[in-house]
2 protein chains.
Amino acid sequence: MTATLIPIRQGRPPSLDALMTLVSQDMHAVNRVILDRMQSQVPLIPELAGHLIAGGGKRMRPMLTLACARLLEYPGTRHHMLAAAVEFIHTATLLHDDVVDGSGQRRGKRTANMIWGNGPSVLVGDFLLSRGFELMVEDGSLRVLKILSHASAVIAEGEVEQLSAQRRVETAEAQYLKIIDAKTAALFAAACRISAVVAERDAATEAALDNYGRYLGIAFQLVDDAMDYASDAAVMGKDTGDDFRDGKVTLPVILAFARGTTEDRKFWRDAMEGRRASDADLAHATTLLQDTHAIADTVARARHYGQRAIDALSGIGSGPARAALVEAVEFAISRAY
Amino acid sequence: MTATLIPIRQGRPPSLDALMTLVSQDMHAVNRVILDRMQSQVPLIPELAGHLIAGGGKRMRPMLTLACARLLEYPGTRHHMLAAAVEFIHTATLLHDDVVDGSGQRRGKRTANMIWGNGPSVLVGDFLLSRGFELMVEDGSLRVLKILSHASAVIAEGEVEQLSAQRRVETAEAQYLKIIDAKTAALFAAACRISAVVAERDAATEAALDNYGRYLGIAFQLVDDAMDYASDAAVMGKDTGDDFRDGKVTLPVILAFARGTTEDRKFWRDAMEGRRASDADLAHATTLLQDTHAIADTVARARHYGQRAIDALSGIGSGPARAALVEAVEFAISRAY
């Protein structure tokens, strides 16, 4: 079944290598913009922002802007500044998320809120978000500004809705998908869509790249959610079971709850409401997730969205750019194995 | 000495009444935009935003946009949406400030972070900031977008610098003025400046209105700082002595420290570093501020900036709009008496 999605690549597992190679020259330019524009006469700003920005993130979203522009054979350099703006928006949301969740670790490092406190994290996030808008204004495309200001509002809406759903084990799969569509996939979609704007392509191409990014973003998030129960800190850069202990109702939990016995449901309710957070409880949760095939089916859902991401590229471009974008999807899914 | 600044107004003390009357029709339109655009399918967003937005603020910044547009005899309605955008940016900063400061009260009501927690306050602030940008994009002026995205970044920089200066009693007056120029005056300046953009006036008019707003903002902030030691919660809508207990080094403290004896300086250092926060300590602080004329001289500094605000309007417009803008300055200063 996976064979339709993941063509055999001479035995090599899918990776982001092709994507990174494809955009490496452009990415140097983007990194220069990022480093240049995160500067401020207030030293704490580049210090705190740099901790996260230099902290080993994949730069997935700016890479997508660059790769999609390459797919469309865009010959210019406008997208360098815009890819940096996308990364600034993303970094701002990470800083704020870690404050909201009280997270202690991200990408294997202590979070900024743990090192400098909540106040600086909130304010430097605000600075980066504003600086991102300044970069877009400098580029001067109202269309790009519209796409990214809307994405930014949608992300915040999704985060608030996630907070509202937190600890509510009855969250429906549809509501959950709506949340991750907003909080994660919207920026993936926008990052891809703006490449069609700078390349001056038609609305259909814009929509297709938006779909590619959106479905890829959903696939990434679903696999992350599965891995939170099935991975370890060394791989994830965060602690396994974080979602469990925070009462984050993700798709694995939604499926296991729906498929569980009365007793299982009581366990999930207690767990999500914070009354079962020990290592033994996490072990029991993992057993229930296995028994109900909740992890495997979360990954199957991710594979479905991954396939839709690949299909969205039908008829657009060819060559190494297309292959790299397809492999990025396969990579997103493959992390679950 | 005050007579040169505050002309006798038939015995009536200065107020914002003239300004509010001048813009009341336009303000209804702005309020409709604000109420319409703070909506979301996520109910917590309008609930939390509405708590602050409906919570009795003066809407000073959008009033300034409207009044300056009236001063320039701008005949259109574009500024309604932009004034709402300015208020969204301002509301976002208030929500985030209260999280950063852990404030419990604002405008005489419990703060959103006390009612709903830090997470929702951070995220709804992000939503409002993004929504503000969406409004500007809808208006379509890149010049306005540039002015307000820059102001937004400068505000965040100012807030971070204020955090860095917190509890540092050696903060210089010049640094302090730079901080309030960024965290408060920049948005006042931008709110006024954009009226010249929509009215399609020249750079000199833009700069003059920017100066008016900037100096008015500094005057407002300095008087607020003075009142924190000289007012009560019923007037301020926040508790007297909040700055003292938070170790906020404002101009009154900077002056009292600079002019104090060795013993006084030790007291201020201890107080700002959090080792003297009792009511008796606050009373002693107030005595020191009186003895060194620190409060009176903070108000004198405010009067200086107020005069510069009024001078900035020289040669621009006339009639009720001009009179209302001048009286707004007089009102800002008069609150200290």
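Chain naming here is simple, since letters A, B, ... match the order of the sequence lines and numbering starts at 1 in each.
- Comparing B:Leu48, B:Val137, B:Thr93 by heavy-atom pairs within less than 4.5 Å of chain A, the highest count is held by B:Val137.
- Most heavy-atom pairs under 4.5 Å with chain B, from the set A:Glu157, A:His150, A:Lys146, A:Met136: that is A:Glu157.
- The part of B:Leu129 that comes within reach of chain A is its side chain, from C-beta onward, which places non-hydrogen atoms under 4.5 angstrom from that chain.
- Ranked by heavy-atom pairs under 4.5 Å with chain A, the first of B:Pro120, B:Ala153, B:Ala151 is B:Ala153.
- Using modelled atom types and a 3.5 Å distance limit, the side chains of B:Asn113 and B:Thr111 yield a donor-acceptor pair.
- Of the listed residues (B:Asn118, B:Val122, B:Val99, B:Asp97), the one with the most heavy-atom contacts under 4.5 Å to chain A is B:Val122.
- Put simply, of B:Ile45, B:Asp101, B:Leu128, the one with the most heavy-atom pairs under 4.5 Å next to chain A is B:Ile45.
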For side-chain hydrogen bond (donor to acceptor under 3.5 Å, both in side chains), just list the numbers for A:Glu161 and B:Gln41, CA-CA rounded to whole Å, side-chain angles, deciding distance to a tenth of an Å, and then say yes or no.
CA-CA 9 Å; A:Glu161 188 166 7; B:Gln41 45 171 354; 5.3 Å; no
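- A:Glu87 contributes no side-chain N or O that, together with a main-chain N or O of A:Ala83, makes up a donor-acceptor pair within less than 3.5 Å.
- Side-chain atoms of B:Phe188 and B:Arg214, non-hydrogen and from C-beta on, never get closer than 4.5 Å to each other.
- Interface check for chain A: of the options B:Ser149, B:Gly119, B:Ser40, B:Ala92, the most heavy-atom pairs under 4.5 Å are formed by B:Ser149.
- The candidate from A:Leu163, A:Leu148, A:Ile89 with the greatest count of non-hydrogen atom pairs under 4.5 Å with chain B is A:Leu163.
- Ring planes of A:Phe133 and B:Phe133: parallel class, angle under 30° (limits at 30 and 60°).
- Between A:Val169 and A:Val253 there is a side-chain heavy-atom pair separated by less than 4.5 Å.
- Looking at B:Lys178, the atoms closer than 4.5 Å to chain A (heavy atoms on both sides) all sit in the side chain, from C-beta outward.
- Here B:Leu142 is the residue among B:Leu142, B:Val124, B:Leu145 with the most heavy-atom pairs under 4.5 Å with chain A.
- For the pair A:Asp126 and B:Asp126, the minimum side-chain heavy-atom distance is below 4.5 Å.
- Looking only at atom types and distance, the side chain of B:Asp202 has a donor-acceptor partner in the side chain of B:Thr205 under 3.5 Å away.
- In this structure, chain B has a heavy atom under 4.5 Å from the side chain of A:Ser164, while its backbone stays farther away.
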